[in-house]
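Structure first, then comments.
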Amino acid sequence: MQVEKTFYIETFGCQMNAHDSEKVVGTLIQQGYRQVETVEEAGYVFYNTCSIRDKAEQKVFNRLQHFKKDAGRGKVFAVIGCVAQQEGEKIFDRAPHVSLVAGSASYAKLPQMLIQLEAGAKRVTGLKFDSDEAFDTPFTRRDNPHRAYITIIEGCDKSCAYCVVPFTRGPERSRTSASVIDEARRLADSGTTEIQLLGQNVNSYRDPSATGWDFATLLDQVGGIPGIRRVRFTTSHPRDFVKPIIDAIDSNPNLCNHVHLPVQSGSTRVLDAMQRLYTRDQYMERIAWMKNARRQIAITSDIIVGFPGETERDFEETLDLLDEVQYDSIFSFKYSQRPNTAALQLHDHIPEEEKSRRLTIVQERQRAIQLRQSSALVGEVEEVNVESFNSAIGQWMGRTSRNRTLNFTHSSDEQLTGKYVRILVTRAGPASLVGQSL
Ligand code: 5AD
Ligand code: SF4
């Protein structure tokens with residue numbers, strides 16, 4: 001029986017995954033498939049998965065479980081992304097109704113894999129890292145006409161002891177600067193004003209063509225494209241984060257004054273066990289570059305609590321680092337054991353309740369810091385790029401260059417999405433600001 005060429009896709013995980021899905025959707029549409037809003041309507045069901053922590057990984061198996069029997073009959077299930085790459089063919093054993101298992105390094109082969117599926121193949125795989133190129137497609141389907149992701153580098157050559165990404169996304173592959181600039185220009189021509197450059201470690205970007213640009217140069221060049229008003233980037237690894245990036249931000253106002261620089265721990269001993277390749281002091285040196293910059297740069301971070309062997313003292317060093325840096329915001333996580341990673345060999349595991357306790361303390365400490373920082377913005381004028389309107393509360397939502405969420409009221413019923421508006425900040429909470437347009 002021919003399966004209808006309609007597809008549903010659900011995406012888990014990071015911005016890289018969100019953007020991969022935009023490319024996958026574009027490829028599917030190009031191949032004659034039509035996107036639908038529910039699994040029920042779909043012939044093909046795609047899950048673009050994340051395996052960064054165990055909880056994220058379990059989500060896809062919960063979904064699959066639900067469709068194991070009648071609900072999934074007549075549909076083709078595809079597991080793509082990081083869980084696919086990590087678990088490979090084992091997924092077919094665990095969920096026999098899955099017909100395609102493919103990691104992100106195989107998306108260029110999606111059209112061929114689709115042909116196999118259409119012919120009724122039951123166990124199609126794309127699990128090899130046999131390309132030294134990043135997946136590049138002209139068919140990317142972007143949801144937002146004003147803000148766009150551009151991948152500049154895929155994969156990761158680091159080996160942080162807790163991290164699954166080098167196994168799920170493979171070795172680093174940088175795109176040529178010409179293709180990045182070309183994509184950014186085309187986006188600008190069609191009305192995009194904000195661009196976010198993506199990679200697991202954007203700082204190790206190296207143009208593979210003769211031009212040989214490094215990341216700071218690429219960043220500056222994208223920020224100079226006519227029509228582009230904001231450029232963001234994520235994620236930065238402190239080891240490869242160099243001063244010219246700050247100099248570029250200082251000299252080019254189109255580059256957003258926000259840097260996400262995950263520290264993971266405030267203890268050099270733990271950083272060493274994590275194989276992060278920097279000490280607390282070296283990290284703080286990079287923070288000092290930002291604090292000494294001419295523009296006020298927002299700094300955000302990721303923290304892991306309860307890494308094997310983390311003592312109370314190590315943990316306190318993390319709390320102390322939060323006080324010292326005064327981050328604009330952080331993402332914090334309990335350490336989660338991941339397949340293949342070096343940390344599996346470590347003993348001295350921290351009990352789950354203790355991890356939870358430390359996580360709560362980190363989050364409370366950071367909440368107080370953020371509240372203090374946000375309060376200082378009351379009375380200031382901030383420019384936002386408007387993203388949406390929340391009719392329930394009658395407020396627009398936009399983001400400042402420093403990546404703060406600002407909810408605001410506007411006197412007329414003019415359509416503001418995608419516009420840049422100046423807002424007077426009138427109230428502050430730890431996570432967002434409230435204001436009114438000027
Ligand atoms: N356990 C907990 N958190 C993790 N992260 C990555 N791997 C793990 C893990 N095994 C966190 C790191 C990283 C963010 C994306 O996820 O803080 O920066
Ligand atoms: Fe999750 Fe990491 Fe894969 Fe992103 S790259 S989807 S965070 S495992």
Side-chain angles (χ1 to χ4, degrees), residues 9-24 47-60 79-87 102-105 107 134-135 149 151 153-173 198-203 234-239 241 259-266 270-271 273-278 283 300-308 310 318 321 327 329-346 349-350 352 355-356 358-359 362-363 366:
I9 186 166
E10 182 175 3
T11 307
F12 304 93
C14 63
Q15 289 150 320
M16 293 286 282
N17 253 21
H19 185 41
D20 281 346
S21 284
E22 294 181 330
K23 297 183 201 175
V24 168
Y47 293 113
N48 189 3
T49 59
C50 172
S51 67
I52 196 88
R53 284 167 293 273
D54 188 55
K55 245 197 203 155
E57 175 173 344
Q58 290 319 317
K59 282 186 193 155
V60 64
V79 177
I80 62 173
C82 293
V83 176
Q85 191 68 54
Q86 178 191 293
E87 295 299 305
S104 62
Y107 294 164
F135 174 46
Y149 294 127
T151 309
I153 178 169
E154 284 187 1
C156 180
D157 285 349
K158 294 280 181 298
S159 41
C160 301
Y162 51 79
C163 190
V164 80
V165 171
F167 306 98
T168 61
R169 288 189 169 269
E172 284 177 359
R173 289 99 62 201
L198 289 183
Q200 294 303 330
N201 180 6
V202 291
N203 311 127
T234 197
T235 259
S236 289
H237 190 292
R239 163 82 174 216
F241 190 84
V259 174
H260 184 62
L261 196 67
V263 67
Q264 314 298 359
S265 167
V270 173
L271 290 173
M274 288 177 166
Q275 300 174 27
R276 284 291 284 176
L277 310 174
Y278 55 86
Y283 181 84
T300 58
S301 194
D302 295 342
I303 303 279
I304 297 177
V305 299
F307 188 74
E310 182 188 69
T318 298
L321 182 124
Y327 289 113
S329 75
I330 61 167
F331 296 105
S332 48
F333 312 101
K334 291 189 270 187
Y335 168 70
S336 162
Q337 265 192 321
R338 305 312 295 132
N340 307 314
T341 58
L344 289 182
Q345 310 304 323
L346 301 174
H349 282 278
I350 311 295
E352 204 49 37
K355 284 195 232 173
S356 301
R358 292 183 190 179
L359 187 68
V362 159
Q363 291 177 342
Q366 179 59 26

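In listed order, ligands and their atoms are each counted from 1.
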Exercise. Measure from atom 4 (Fe) of ligand 2 to each N, O or S atom of Cys50 and report whether any distance is below 2.8 Å.
Key: no
Exercise. For Asn17, take its heavy atoms, then give the atoms of ligand 2 lying under 4.0 Å from any of them.
Key: 6 (S)
Practice problem: Please could you name the atoms of ligand 1 that Tyr335 approaches to less than 4.0 Å, counting only its heavy atoms? | Solution: 1 (N), 2 (C)
Exercise. May I ask whether Gly81 has any heavy atom positioned less than 4.0 angstrom from an atom of ligand 2?
Key: no
Quiz item: Out of Glu57, Gln86, Gln85, which residue meets the side-chain hydrogen bond (donor to acceptor under 3.5 Å, both in side chains) rule with Ser51?
Solution: Gln86
Exercise. For atom 15 (C) of ligand 1, grab the closest protein heavy atom and report residue, atom and distance to one decimal in Å.
Key: Asp302 OD2, 3.8 Å
Practice problem: Measure Gln200 to ligand 2 on non-hydrogen atoms and call it side chain, backbone, both or neither using the 4.0 Å cut-off. | Solution: side chain
Quiz prompt | Subset of ligand 1 atoms that lie under 4.0 Å from at least one heavy atom of Arg53 | solution = 1 (N), 2 (C), 3 (N), 4 (C), 5 (N), 11 (C), 16 (O)
Quiz item: For atom 5 (S) of ligand 2, what is the nearest protein heavy atom, given as residue, atom name and distance?
Solution: Arg169 NE, 3.0 Å
Quiz item: Which protein heavy atom lies closest to atom 2 (Fe) of ligand 2, and at what distance to 0.1 Å?
Solution: Val165 CG2, 3.1 Å
Exercise. Check the pair Ile9, Val24 against side-chain contact (heavy atoms from CB on, under 4.5 Å), reporting the backbone distance first and the verdict last.
Key: CA-CA 9 Å; Ile9 186 166; Val24 168; 4.2 Å; yes
Quiz item: Any side-chain donor-acceptor pair under 3.5 Å between Asp20 and Ser104?
Solution: no
Exercise. Give a yes/no verdict on whether any heavy atom in Gln15 is under 4.0 Å from an atom of ligand 2.
Key: no
Quiz prompt | Backbone N/O of Ile80 and side chain of Thr49: donor-acceptor pair under 3.5 Å | solution = yes
Practice problem: Might you work through the side-chain contact (heavy atoms from CB on, under 4.5 Å) test for Leu198 and Thr234, ending with a clear yes or no? | Solution: CA-CA 5 Å; Leu198 289 183; Thr234 197; 3.7 Å; yes
Self-check item: Donor-acceptor under 3.5 Å (Arg173 side chain, Pro171 main chain)
Solution: yes
Quiz item: Donor-acceptor pair, Tyr283 side chain versus Gly266 backbone, under 3.5 Å?
Solution: no
Quiz item: In the protein, what heavy atom is nearest to atom 7 (N) of ligand 1, and what distance, to one decimal place, separates them?
Solution: Tyr162 CD1, 3.3 Å
Exercise. Using modelled atom types only, decide if a donor and an acceptor are shared between the side chain of Arg169 and the backbone of Cys156 within a distance under 3.5 Å.
Key: no
Exercise. Report the part of Ile52 in contact with ligand 2, treating N, CA, C, O as backbone and CB onward as side chain, heavy atoms under 4.0 Å; options are side chain, backbone, both, neither.
Key: both
Quiz prompt | Test log, rule side-chain contact (heavy atoms from CB on, under 4.5 Å), inputs Met274 and Ser265 | solution = CA-CA 9 Å; Met274 288 177 166; Ser265 167; 4.2 Å; yes
Quiz item: Between Ser336 and ligand 1, is there a nitrogen or oxygen pair with a distance under 3.5 Å?
Solution: yes
Self-check item: Tyr162 and Arg276: CA distance, side-chain angles, deciding distance, side chain to side chain donor-acceptor pair (under 3.5 Å) verdict
Solution: CA-CA 10 Å; Tyr162 51 79; Arg276 284 291 284 176; 3.2 Å; yes
Exercise. Report the part of Ile304 in contact with ligand 1, treating N, CA, C, O as backbone and CB onward as side chain, heavy atoms under 4.0 Å; options are side chain, backbone, both, neither.
Key: side chain
Quiz item: N/O/S of Cys82 less than 2.8 Å from atom 3 (Fe) of ligand 2?
Solution: yes
Quiz item: Mind checking whether Arg338 has an N or O less than 3.5 Å away from an N or O of ligand 1?
Solution: no
Quiz item: Under 3.5 Å, is there a donor-acceptor pair between the side chain of Arg239 and the main chain of Leu277?
Solution: yes
Exercise. Of the side chain and backbone of Phe333, name the one, both, or neither that has a heavy atom under 4.0 Å from an atom of ligand 1.
Key: side chain
Quiz item: Can you tell me which residue and heavy atom of the protein come closest to atom 4 (Fe) of ligand 2, and the distance to 0.1 Å?
Solution: Cys14 SG, 2.3 Å
Quiz item: Using a heavy-atom cut-off of under 4.0 Å, does the side chain or the backbone of Lys334 touch ligand 1, or both, or neither?
Solution: backbone
Practice problem: State, with a plain yes or no, whether a side-chain heavy atom of Arg358 is found less than 4.5 Å away from one of Ile350. | Solution: yes
Practice problem: Output the list of atoms in ligand 1 that are nearer than 4.0 Å to some heavy atom of Gln264, sorted by atom number. | Solution: 12 (C), 13 (C), 17 (O), 18 (O)
